[in-house]
Structure formats: structure tokens, C-alpha cells
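Following: one structure in C-alpha cells, then a few remarks.
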Amino acid sequence: MKKQRYDFDVIARWVAPGEQVLDLGCGDGSLLVHLRETRQVKGYGIEVDPERVVACLKNGVNVIQIDLEQGLAGFEEAQFDHVIMSLSLQSVHHTEKILDEMLRVGIEAVVSFPNFGYWKHRQAILNGRMPVSKSLPYQWYNTPNVRFFTLADFEALCEQRGIAIRERAAFDDGVEIHEEPNFLASVAMFRLGRR
């Protein structure tokens with residue numbers, strides 16, 4: 001398995017021991033492995049890419065191969081304590097629908113995403129180029145991202161949709177940012193619930 005991402009520890013802090021967790025867009029299952037080892041969670045991953053599904057199975061992660069864009073109809077209301085979407089929200093077409101579904105099948109949701117309002121991204125645009133960075137590593141022509149939004153945009157969407165922000169963390173190069181996160185943080189993380 002590859003090196004653990006710094007956001008895994010934040011997510012582990014937000015998840016209580018023994019919880020039921022659903023990880024959307026789980027990749028190779030690294031987050032679920034980390035949560036299983038550190039928080040003894042029981043969980044499932046959702047992944048559409050066949051190679052990543054195989055990687056999950058090799059890592060001992062229960063994984064279901066479905067397309068998130070179709071929703072989570074196979075799951076009951078409040079079936080999970082936490083539904084997590086780590087660094088994938090920007091790659092779904094139906095953002096509002098997936099957030100609603102996350103908070104339907106989960107008591108709480110955790111999302112993280114690259115902050116398009118990050119100062120280096122703004123600088124790239126001022127220089128006439130689309131941003132490429134650690135948090136946005138693709139060129140404009142080959143990016144899987146379909147949504148480019150800022151931390152402030154996401155908070156406004158939560159307000160509009162009646163989604164409670166329980167906790168927020170913002171980072172740049174793995175260092176937590178407390179002042180002006182919409183400008184200084186490259187990645188944002190939110191723990192969400194219903195009002």
C-alpha cells in the first residue's frame with residue numbers, strides 16, 4: 001500500500017471506534033484499511049474502476065462496484081454512522097444528489113476536496129493558465145474533475161441545502177490552516193450532518 005495521506009488521521013479523529021462506515025470512491029481501500037486498524041470500523045467501499053476494485057480485494061476491503069452517479073438506492077436510511085467521500089466530490093456530476101444520498105444512508109458525512117480558491121490556483125489563472133498543483137494534479141484536458149469550487153462555495157451550498165457543518169479542517173501541504181482557509185488552504189475537509 002502507498003504512503004498514508006495526512007487527511008486519514010483527521011477522518012479517523014471524526015470517526016468513533018467500531019462505527020459502520022461507507023467510503024465512496026474508495027480507490028484501493030487504503031482509508032478503510034487505516035480506519036479498520038486505528039478505529040476498528042466495519043466498512044464497505046464503493047468503487048467503479050475495476051482495477052481499484054481488485055486492489056481493494058487484495059487489501060482485504062469489502063467493496064461494491066457501482067457508479068456513484070446512479071445514487072445509493074441499495075442502502076437503507078441511516079445504515080452507516082459515517083459516509084465518506086475523500087478527494088472525490090469534485091469528480092461527480094450530481095453534487096447535490098450525492099450529498100443528499102450521503103446524508104440519507106449515513107448519520108454523518110465526511111467530504112474533502114481541492115480548494116479552487118487556493119492562492120496558487122488564483123495566481124495560475126491570473127497568469128492565464130489553469131492551475132496544476134498537488135491538490136489539482138491534472139492538466140485541463142485530462143482532468144477527472146468536473147467541478148471546480150472553493151471552500152466558501154461549499155459552505156454556501158451547505159447553507160442552501162440545510163446541511164449542518166459539524167467540523168471543518170483545511171490544509172496546505174499537510175499543515176493545518178486556521179487563518180483565511182479559503183485563500184491559504186489547498187484542501188478542505190468537512191464533517192457534515194442534518195440540521
Legend entry - Connected-component partners of Val48 among ILVMFWY, side-chain separation under 4.5 Å: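 In the cluster with Val48 there is nothing else; it is isolated.
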
Please answer: with hydrophobic residues joined when any side-chain heavy atoms are less than 4.5 Å apart, are [X] and [Y] in the same cluster?
X	Y	result
Leu22	Val63	no
Ile98	Phe149	yes
Val83	Ile66	yes
Leu99	Phe75	yes
Tyr141	Val132	no

What distance separates [X] [atom1] from [Y] [atom2], expressed to the nearest 0.5 Å?
X	Y	atom1	atom2	answer
Leu31	Ile11	CG	CD1	5.0 Å
Cys158	Arg166	SG	CZ	11.5 Å
Gln90	Phe116	CD	CZ	11.5 Å
Asn59	Leu32	CG	CG	10.0 Å
Ser135	Lys120	OG	NZ	9.5 Å
Ile107	Gln79	CD1	CD	11.0 Å

Inset, instruction - Can you tell me which residue pairs pass the side chain to side chain donor-acceptor pair (under 3.5 Å) test with a partner in residues 181-195, sequence neighbours excluded? - result: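 Sorted result for residues 181-195: Asp100-Arg194, Glu108-Arg191, Glu159-Arg195, Glu167-Arg191, Asp172-Ser186.
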
Inset, instruction - If a pair satisfies side chain to side chain donor-acceptor pair (under 3.5 Å) and one of its residues is in residues 61-77, list it, with sequence neighbours excluded. - result: Glu69-His93

Do any N or O atoms from the side chain of [X] and from the backbone of [Y] form a donor-acceptor pair under 3.5 angstrom?
X	Y	answer
Ser112	Leu87	yes
Asn115	Ala185	yes
Ser91	Leu89	no
Arg36	Gly60	yes
Asp23	Gly43	no
Arg104	Leu72	yes
Asn127	Arg129	no

Inset, instruction - Could you name each residue pair satisfying ring pair (Phe, Tyr, Trp, His ring centres under 6.0 Å) that touches residues 152-175, not counting sequence neighbours? - result: Tyr6-Phe171, Phe113-Phe154, Phe154-Phe190

Inset, instruction - Could you walk me through whether Gln160 and Leu157 pass side-chain contact (heavy atoms from CB on, under 4.5 Å), step by step? - result: CA-CA 5 Å; Gln160 174 192 355; Leu157 176 64; 4.0 Å; yes

Inset, instruction - For Pro17 and Gln40, work out which heavy atoms get closest and say how close. - result: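 Smallest heavy-atom distance, with atoms named: CB-OE1, 4.3 Å.
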
Legend entry - For Pro181 against Ala170, the heavy-atom pair lying closest together: CB-CB, 3.6 Å

With a 4.5 Å limit on heavy-atom distance, are the side chains of [X] and [Y] in contact?
X	Y	value
His34	Asp9	yes
Thr95	Arg147	yes
Tyr118	Ile177	no
Ile46	Cys26	no
Val21	Val15	yes
Leu184	Trp119	yes

Inset, instruction - Show your working on side-chain contact (heavy atoms from CB on, under 4.5 Å) between Met85 and Val92 and close with a plain yes or no. - result: CA-CA 11 Å; Met85 183 174 245; Val92 297; 3.8 Å; yes

Inset, instruction - Name all residues meeting the side chain to side chain contact (heavy atoms under 4.5 Å, CB included) criterion together with Asn142; count only those two or more places apart in sequence or in a different chain, and write none if there are none. - result: Tyr138, Gln139

Inset, instruction - Assess whether side-chain contact (heavy atoms from CB on, under 4.5 Å) is satisfied between Ile165 and Leu192, documenting all intermediate values. - result: CA-CA 5 Å; Ile165 297 172; Leu192 308 170; 4.0 Å; yes

Legend entry - Chi angles and distances behind the side-chain contact (heavy atoms from CB on, under 4.5 Å) call for Val111, Met102: CA-CA 10 Å; Val111 297; Met102 290 174 77; 3.7 Å; yes

Legend entry - ring-ring contact (aromatic ring centres under 6.0 Å, His included) against Tyr44, all qualifying residues, sequence neighbours excluded: none

